[in-house]
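Note on naming: letters A, B, ... go to the chains in the order of the sequence lines (proteins, then strands), and numbering restarts at 1 for each one.
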There are 2 protein chains.
Amino acid sequence: MKYSQIYRRALFDDVIPFWITHSLDEEQGGYLHCLDRQGAIYDEDKFVWFQCRQIWMLSLLHTLVQGDSNYLNAASLGMDFVEKHARDGNGDFYFSLDRTGRPLIKPYNIFSDCFGAIAYYQYGAATSSEYHLTESRKILRQILLRRDNPKGIFEKSTGIRDSRSFALPMILSNLALQMKPILDTDEADILIRECQEAIFGEFYNQETGLVHEVIGKDGQKYDTFDGRLINPGHVLEAMWFLMDIGEKDGDIGLIDRCISTGLHHLNYAWDSDFGGIFYFMDHMNKPMEKLEWDQKLWWVHLEALVFLSKALRFSDKAELRSWFEKVHNYTWAHFPDPEYGEWYGYLNRAGDPLHTFKGGKWKGCFHLPGAYYIARRLWRKWECKY
Amino acid sequence: MKYSQIYRRALFDDVIPFWITHSLDEEQGGYLHCLDRQGAIYDEDKFVWFQCRQIWMLSLLHTLVQGDSNYLNAASLGMDFVEKHARDGNGDFYFSLDRTGRPLIKPYNIFSDCFGAIAYYQYGAATSSEYHLTESRKILRQILLRRDNPKGIFEKSTGIRDSRSFALPMILSNLALQMKPILDTDEADILIRECQEAIFGEFYNQETGLVHEVIGKDGQKYDTFDGRLINPGHVLEAMWFLMDIGEKDGDIGLIDRCISTGLHHLNYAWDSDFGGIFYFMDHMNKPMEKLEWDQKLWWVHLEALVFLSKALRFSDKAELRSWFEKVHNYTWAHFPDPEYGEWYGYLNRAGDPLHTFKGGKWKGCFHLPGAYYIARRLWRKWECKY
């Protein structure tokens, strides 16, 4: 079977039906996304990341599959709930809500808001709703106001050793690219340029070619637990975000740089004993704080597949093709649940499922359908070319 | 070899020399406790928990081994550093400092303060210093003022679903018992009674016999990730704290209850496939948030050994003896580093070292020497009896 067919079938015959069948909370609104191996609800709390991410995914599918109102109805179920319950008086997004929508965890960071922005944007685009598009722009601007102190009063650092997290420029570059159509002239471009400069000018380590997860305000690389940390999945994700930007701008130099940086991280983080990509590494090979460093996570491997699928559109390097096959084969051999569908999220180092749930606090209807969606599209174009 | 000899030798010929040799920061004061497998320093940050815990341990050893000033000198090196740098203007303990003592992470919880209290107490007792004893009492009283809101402004919960953590009554019961000699009449007893009532009256689940890690303010058991969580190491630790209290009070009923509760958790949390005690479990067998749930941690097994050693003083149950041998054998077969001494802290489920460092953010000169110290003493008494 062609790759495009594999990914199309997996998307429409497995993953999306799984979430549509099991996660819609017709009673209280929103999504019940803590689903066990078989799709049964085991926890009713609603984590805002996954309310927003599922709205985004379903809205995107509606745009793709015209004439089927199921996706839009399901997206609206989430959007109505988010609209009613997800934000505090200041407009910031809570981290979690109970099933009925009462806020449980305060807005202690801005990542909920980032997923809020793309949910409103994509839903607005799917429904041509000026209100949602305007809201998404407001949310993004509020994020930008908070970005120098994203944790606000919850920041535990004294500031004596200042730090910045890679996740922020990574996600902001993606937001800016997605939402460019509704932003002011130059607004998206300036933000994208800033993020790009931060990633390659500051988080990137010239000596090792690795991208750090945490650096100082002036780009310092600290010799500390955080400062030495490499998160290969984050880097692969950022590389395909930046490749998208390179493609829009016709910037071949940027695309080449992303491809070589991504490949470098794949070579660096691949577990040569058991296969798969490590979750965390220490760039000096020192002991790590992260207990889960050797686990193999679904999203890391999906980001790798998307990175490689995109890279193959721009380059015929045999290395890219063989990496794609290697990651594809490992991934499809270990993550899908042959009995109940969807994917396991967390494997131990040897590749056996460590957790068998399909949705939880950090896994929902997002990475898997999102990656399938992109990979299907890319491989269809690629396969048509030859 | 007798158990008392095994534990004595391990304490004085292996663990304490390891820390005395490698961790003392003669240059800046305090302890450099992030030590790799061979004892080399790989991170210079000073985590206040382990500054305080090492002071406590060394002070205790000084009291035990009269006439050797090495322990006291080493304890003073830590105490001087803590005294100079560890507290903010309000007297609360920072979470971490850099090598020179500049504060890095704010006092976002009260556990640093709890270890501060026992450090000041034990150092005061070792040196007959009224100043340090008085300070320890002040620290404890400040902890008690903060205990209903231990995270202060860093609390992320909205309060709509209130919660209490098992760690607090557990550690407070131990503090109260240790510091009883310097507390007011009834002050320690009231605190101990409150903690005991919280543990057996509220955190204890009547239906399952398991002790929860998180409950509601009124003792509710929530069906949520946190609410279902069981931390067997914490429970075993608390059971020997409460046995100490039972012994002081001559409360045989309490001791019996601790023994049966501890045994129940050992039976519950023992990994029948690979041996060892799981780090986390879900009392409803639902999916867990904790990615590291199946790992085998040094401190969990040490708490089990101390629990069993103590229990054997009060009961000749064959079950206790066989559990002690089982845990002792597993532990000594997997945790000690035969080449460079001390123990690995973190094994994977199969019992292989997942991290090889000897000290880190959450491991230092505390559980291992502390457990050796107690086990040596208990087994000497026990072995003399027969």
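- Annotation: maximal heavy-atom pairing with chain A below 4.5 Å, among B/Lys156, B/Glu292, B/Lys106, occurs at B/Lys156.
- Side-chain atoms of B/Thr158 come within 3.5 Å of backbone N or O of A/Pro103 as a donor-acceptor pair.
- Here the side chain of A/Trp362 pairs no donor or acceptor atom with the backbone of B/Glu289 at under 3.5 angstrom.
- Between chain A and the residues B/Tyr346, B/Tyr94, B/Phe95, the most heavy-atom pairs under 4.5 angstrom are made by B/Tyr346.
- Interface remark: A/Phe154 contributes backbone and side-chain atoms alike to the contact with chain B (heavy atom separation under 4.5 Å).
- Comparing A/Ile160, A/Leu104, A/Ile105 by heavy-atom pairs within less than 4.5 Å of chain B, the highest count is held by A/Leu104.
- Using a 4.5 Å cut-off between heavy atoms, A/Lys290 contacts chain B through its backbone alone, with no side-chain atom that close.
- Side-chain N or O atoms of A/Trp293 include one that pairs as donor or acceptor with a backbone N or O of B/Leu354 at under 3.5 Å.
- By the neighbour-count criterion of 12 heavy atoms within 6.0 Å, atom NZ of A/Lys84 is sparsely surrounded, having that number or fewer from other residues, nucleotides or ligands.
- Inter-residue side-chain proximity for B/Asp43 and A/Thr224 is flagged as met; some heavy-atom pair is nearer than 4.5 Å.
- With a 4.5 Å cut-off on non-hydrogen atoms, B/Asp223 touches chain A through its backbone and its side chain both.
- With values rounded to the nearest 0.5 angstrom, B/Asp36 atom CG is found 11.5 Å from A/Asn285 atom CG.
- Of the residues considered (B/Met284, B/Glu155, B/Glu44, B/Lys363), B/Glu155 shows the highest number of contacts with chain A, using heavy-atom pairs under 4.5 Å.
- Seen from the ring of B/Tyr42, A/Lys286 does not count as a face-on cation partner, given the 6.0 Å and 45° thresholds.
- Neither the backbone nor the side chain of B/Arg349 has a heavy atom closer than 4.5 Å to any heavy atom of chain A.
- Ring geometry, A/Phe47 versus B/Phe225: the interplanar angle falls from 30° to 60°, so the pair is classed tilted.
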(request) Applying side chain to side chain contact (heavy atoms under 4.5 Å, CB included), run through A/Gln295 and B/Leu291 and close with a yes or a no. (result) CA-CA 9 Å; A/Gln295 296 176 15; B/Leu291 297 189; 3.6 Å; yes
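- Proximity to chain B (any heavy atom under 4.5 Å) is shown, for A/Tyr222, by neither the backbone nor the side chain.
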